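Below is one structure, written out as structure tokens; the observations come after it.
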Amino acid sequence: MWQMILWADGYLDRSGIDCRFGPVTTAATTRWQSDRGLRGDGVVGSATLTKAATRLSVYESWFSYDGAGTNFIYFGRRADGRWEMSLGPDLEWQLLSYTYANFSICS
């Protein structure tokens, strides 16, 4: 999810999304944070997520993250409280997890 936010805001190339929080993602996160007046530590904590949440729009049962004006990400919350995400409005929704990556773009 976080790499998609970085992509939507222009801090990470789409080809750089590998579903792993490595040095490229850490550097992009640090730049993203610094550009928004946050402490640029590369850690996605509550202050970073709160700042990102200001770009969310709520629809009936899903959310849209409005990145750099042309890139959007779509999130939903299931009845059981788990989050899911789609890489586009007409693409399949996948469950989000901290322990595994299930999108085809994940290497």
Side-chain angles (χ1 to χ4, degrees):
M1 174 193 78
W2 184 250
Q3 285 184 325
M4 288 298 294
I5 288 172
L6 292 173
W7 163 79
D9 284 334
Y11 289 83
L12 192 64
D13 291 335
R14 184 78 175 218
S15 63
I17 298 171
D18 61 3
C19 305
R20 287 158 181 67
F21 209 103
V24 173
T25 302
T26 300
T29 300
T30 300
R31 287 189 312 275
W32 188 97
Q33 291 166 323
S34 295
D35 287 351
R36 284 155 182 79
L38 300 172
R39 190 174 114 214
D41 60 6
V43 176
V44 182
S46 60
T48 299
L49 291 173
T50 298
K51 184 64 87 169
T54 64
R55 304 292 301 204
L56 283 175
S57 297
V58 180
Y59 297 94
E60 290 180 14
S61 62
W62 55 280
F63 304 84
S64 172
Y65 182 86
D66 181 0
T70 58
N71 298 327
F72 294 88
I73 310 166
Y74 305 94
F75 301 96
R77 187 123 192 206
R78 293 183 175 189
D80 63 7
R82 295 183 298 168
W83 286 92
E84 57 188 356
M85 182 174 80
S86 175
L87 302 180
D90 299 322
L91 300 175
E92 183 179 349
W93 290 78
Q94 295 285 341
L95 202 59
L96 295 174
S97 171
Y98 286 107
T99 57
Y100 64 90
N102 55 3
F103 287 94
S104 62
I105 62 172
C106 299
S107 57

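None of the values given here were measured: they were computed from a predicted structure.
- Taking the salt bridge (Lys or Arg N to Asp or Glu O under 4.0 Å) definition, one finds that Arg77 meets it with nothing, sequence neighbours left out.
- With hydrophobic clusters built from ILVMFWY side chains whose heavy atoms lie under 4.5 angstrom apart, Leu49 does not share a cluster with Val43.
- Between Gln3 and Arg14 the shortest side-chain heavy-atom distance does not fall below 4.5 Å.
- In this structure Phe72 satisfies the side-chain contact (heavy atoms from CB on, under 4.5 Å) test together with Ser64, Asp66, Tyr74, sequence neighbours excluded.
- Shown here are the side chain to side chain donor-acceptor pair (under 3.5 Å) partners of Gln94, two or more places apart in sequence or in another chain: Glu92, Asn102.
- Note that the CD1 atom of Ile73 and the CG atom of Asp9 stand 7.5 Å from one another [nearest 0.5 Å].
- Annotation: side chain of Phe103 is in contact with side chain of Met85 (closest heavy-atom distance under 4.5 Å).
- To the nearest 0.5 Å, atoms CD1 (Ile5) and OH (Tyr65) are separated by 5.5 Å.
- Residues meeting the side chain to side chain donor-acceptor pair (under 3.5 Å) test with Trp7, sequence neighbours left out: none.
- When every heavy atom of Phe75 is checked against every heavy atom of Trp93, the shortest pair comes out as C-CZ3, 3.3 Å.
- Among all heavy-atom pairs drawn from Trp2 and Ala52, the shortest one is CZ3-CB, 4.1 Å.
- The side chain to side chain donor-acceptor pair (under 3.5 Å) test applied to Arg31 returns no partner, not counting sequence neighbours.
- Under a hydrophobic-cluster definition in which Ile, Leu, Val, Met, Phe, Trp and Tyr are linked whenever side-chain heavy atoms come within less than 4.5 Å, directly or via other members, Leu56 and Met1 are assigned to the same cluster.
- Remark: Trp83 engages Phe63 in a ring-ring contact (aromatic ring centres under 6.0 Å, His included) (not counting sequence neighbours).
- Counting only heavy atoms from C-beta outward, the side chains of Thr25 and Arg20 never approach each other to under 4.5 Å.
- The list of side chain to side chain donor-acceptor pair (under 3.5 Å) pairs with a residue in residues 37-54, not counting sequence neighbours, reads Gln33-Asp41, Gln33-Thr48, Arg39-Asp41.
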- Message: Would Asp80 and Arg82 count as a salt bridge (charged side-chain N to carboxylate O under 4.0 Å, His left out) here? Give the steps.
- Response: CA-CA 6 Å; Asp80 63 7; Arg82 295 183 298 168; 2.8 Å; yes
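- With sequence neighbours left out, Asp35 forms a salt bridge (Lys or Arg N to Asp or Glu O under 4.0 Å) with no residue at all.
- When all heavy atoms of Gly40 and Ser34 are compared, the pair lying nearest together is CA-OG, 3.7 Å.
- By the 4.5 Å heavy-atom criterion applied to side chains, Thr29 and Tyr11 are not counted as neighbours.
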